[in-house]
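What follows is one structure encoded as structure tokens, with my remarks underneath.
Numbers restart at 1 for each chain; the letters A, B, ... are given by sequence-line order, proteins then strands. Values below: all heavy atoms of this structure, side chains included; hydrogens, waters and symmetry mates excluded. Since this is a predicted model, take the numbers as computed values, not measurements.
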Number of protein chains: 2
Amino acid sequence: MSEEKHSGGRPRDADAAASIKAATLKLVRERGYNKVSIAAIASAAGVARQTLYNRWNTKADLVLEAVFEETGHYADAPLHNPNKSCKLQLEAFLIQVFTHLDESGSPIRSLIAAAQEDPAFREALRERFVKPREVLVIDLLQRAQDQGELSRTRDVKMLSNFIHGAFWYALLNGEPVDARLARAIANEIFVA
Amino acid sequence: MSEEKHSGGRPRDADAAASIKAATLKLVRERGYNKVSIAAIASAAGVARQTLYNRWNTKADLVLEAVFEETGHYADAPLHNPNKSCKLQLEAFLIQVFTHLDESGSPIRSLIAAAQEDPAFREALRERFVKPREVLVIDLLQRAQDQGELSRTRDVKMLSNFIHGAFWYALLNGEPVDARLARAIANEIFVA
DNA sequence: TAAGTTTATAGACTGCGGTCTATTATCTGG
DNA sequence: CCAGATAATAGACCGCAGTCTATAAACTTA
């Protein structure tokens with residue numbers, strides 16, 4: 001099912017994708033998204049430029065996959081820990097997201113930027129980055145309501161937008177996205 | 001004070017800036033930010049390309065000025081209206097911002113994108129677009145606290161981040177930024 | 001082996017943002 | 001009127017993303 005037919009024709013180089021993604025990740029983390037050219041990535045991976053375009057439509061698609069494959073557990077959060085309050089779980093989740101962002105050298109900012117000019121890529125980013133995190137947060141907030149930690153009068157979908165919005169807003173405005181922000185967000189969401 | 005010395009040398013064409021900005025606004029609204037080239041703007045304005053670069057550093061700088069000069073009253077909101085509740089004032093403010101966004105064909109999204117790759121421009125955008133709106137919202141929320149419409153336990157700075165964040169998040173994710181969103185934000189901020 | 005198919009590669013090409021240069025035009029001060 | 005300064009213009013130039021073409025390589029099926 002995961003294997004394509006491939007009835008005839010030269011097969012794709014099995015290692016190319018991996019070495020391209022590795023080179024992409026390395027270079028983007030070292031130099032930043034727009035300081036790295038496709039040509040440089042191809043050269044570092046030891047393939048021709050066209051080989052990249054055979055596998056990804058755009059630079060943004062490639063970087064998205066490279067960044068989110070290695071750290072690709074976009075749903076392995078330490079959520080649903082019954083020993084902690086939902087507020088602390090939210091805080092821990094945000095700290096994890098922010099840490100990941102930081103160690104990726106924040107190509108996310110560039111990916112969000114790229115998404116503004118490319119609807120197809122925006123959808124891809126939404127599927128791989130945005131939605132999984134929305135689901136986690138909404139689940140957590142609903143659990144908080146079930147356990148009485150959060151008032152039933154609150155609109156969890158809107159609160160999720162507040163949470164992610166506050167984090168995007170800080171990120172895109174160049175403000176620190178760190179544990180302090182995580183605590184401030186969690187505090188204000190679970191305000192008494 | 002607003003007049004420069006200009007002791008010698010050919011003076012700048014007094015009309016050029018205006019016609020460039022007019023052409024920019026027209027073309028960007030018609031075709032969208034990245035469908036309009038600097039060359040096209042220069043041609044439409046009847047000047048050489050370099051003349052644009054004599055006045056603005058980048059395309060983003062030019063578009064920012066063009067968009068925010070005409071609708072440049074970034075602080076003329078119908079705020080501080082003692083006849084309305086703060087909640088309704090916030091809602092009205094957001095509707096106004098969203099309407100402006102809509103009729104500008106949302107080059108704002110492209111400007112936010114451009115800001116991610118250019119720290120100098122990010123600062124310019126922050127000064128002309130971000131900060132003035134933050135000030136308005138924070139003032140409004142503080143007034144709400146003074147009048148008892150909003151609990152003193154709330155962190156107005158964080159609430160402002162929630163408000164603007166929710167709006168940016170919707171905008172950058174391609175979701176509708178309209179009166180419905182404005183009401184939902186205001187409702188959740190002033191939740192009982 | 002031969003035909004057909006797909007990939008890999010090198011390299012040309014387009015369009016864009018932005019820079020740089022040389023030339024010409026227009027101002028000020030002496 | 002002349003010298004110096006700044007602006008406008010046309011056009012070359014660079015780097016980059018993305019497209020396209022021609023050719024060589026590697027596979028499958030008959």
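Distance, Asp118(B) CG to dG18(C) P: 8 Å, rounded to whole Å. In this structure, Arg31(B) places its CZ atom 10 Å from P of dC16(C), rounding to the nearest Å. Atom P of nucleotide dG18(C) and atom CG of Asn57(B) are separated by 9 Å, given to the nearest angstrom. As a whole-Å value, the separation of Lys59(A) NZ from dG15(D) C1' is 11 Å. When rounded to the nearest whole Å, the span between CG of Asn34(B) and C1' of dC16(D) equals 16 Å. Rounded to a whole Å, the CH2 atom of Trp56(B) is 11 Å from the P atom of dA8(D). Rounded to whole angstrom, the span from the CD1 atom of Ile20(B) across to the C1' atom of dT9(D) amounts to 13 Å. Atom CG of Leu52(A) is separated from atom P of dA8(C) by 10 Å (rounded to the nearest Å).
Toward the 5′ end of DNA chain D lies the nearest nucleotide of Ala39(A), the other residue of the pair Ala39(A) and Gln50(A) mapping further downstream. Residues Pro11(B) and Lys35(B) both approach DNA chain C. Their nearest nucleotides, taken by heavy-atom distance, put Lys35(B) toward the 5′ side. For Gly8(A) and Ala48(A), each mapped to the nucleotide of DNA chain C holding its nearest heavy atom, the one lying further toward the 5' end belongs to Gly8(A).
OP1 or OP2 of dT9(D) sits under 4.0 Å from a side-chain N or O of Thr51(B). Between Arg12(A) and dT7(C), a side-chain N or O to OP1/OP2 separation shorter than 4.0 Å is present. Side-chain nitrogen and oxygen atoms of Asn54(B) include at least one within less than 4.0 Å of the OP1 or OP2 phosphate oxygen of dA8(D). Distances shown here put a side-chain N or O of Arg55(A) below 4.0 Å from the OP1 or OP2 atom of dA8(C).
Residues Asn54(A) and Thr51(A) bring no donor and acceptor atom of their side chains to less than 3.5 Å of each other.
The neighbour count for Lys26(A) NZ, taken as heavy atoms of other residues, nucleotides or ligands under 6.0 Å away, does not exceed 12. Atom NZ of Lys157(A) has more than 12 heavy atoms from other residues, nucleotides or ligands within 6.0 Å.
Under the 4.5 Å side-chain contact rule for hydrophobic residues, Tyr53(A) and Val36(A) share a cluster.
Partner of Trp168(A) under the ring pair (Phe, Tyr, Trp, His ring centres under 6.0 Å) criterion, out of Phe167(B), Tyr169(B), Trp168(B), Phe162(B): Tyr169(B) alone.
Comparing atom distances between the Ser37(A) side chain and each of dC20(C), dG18(C), dC16(D) picks out dC16(D) as nearest. Distances were taken from every side-chain heavy atom of Arg10(A) (C-beta onward) to each of dA8(C), dA10(D), dG18(C); the shortest belongs to dA8(C).
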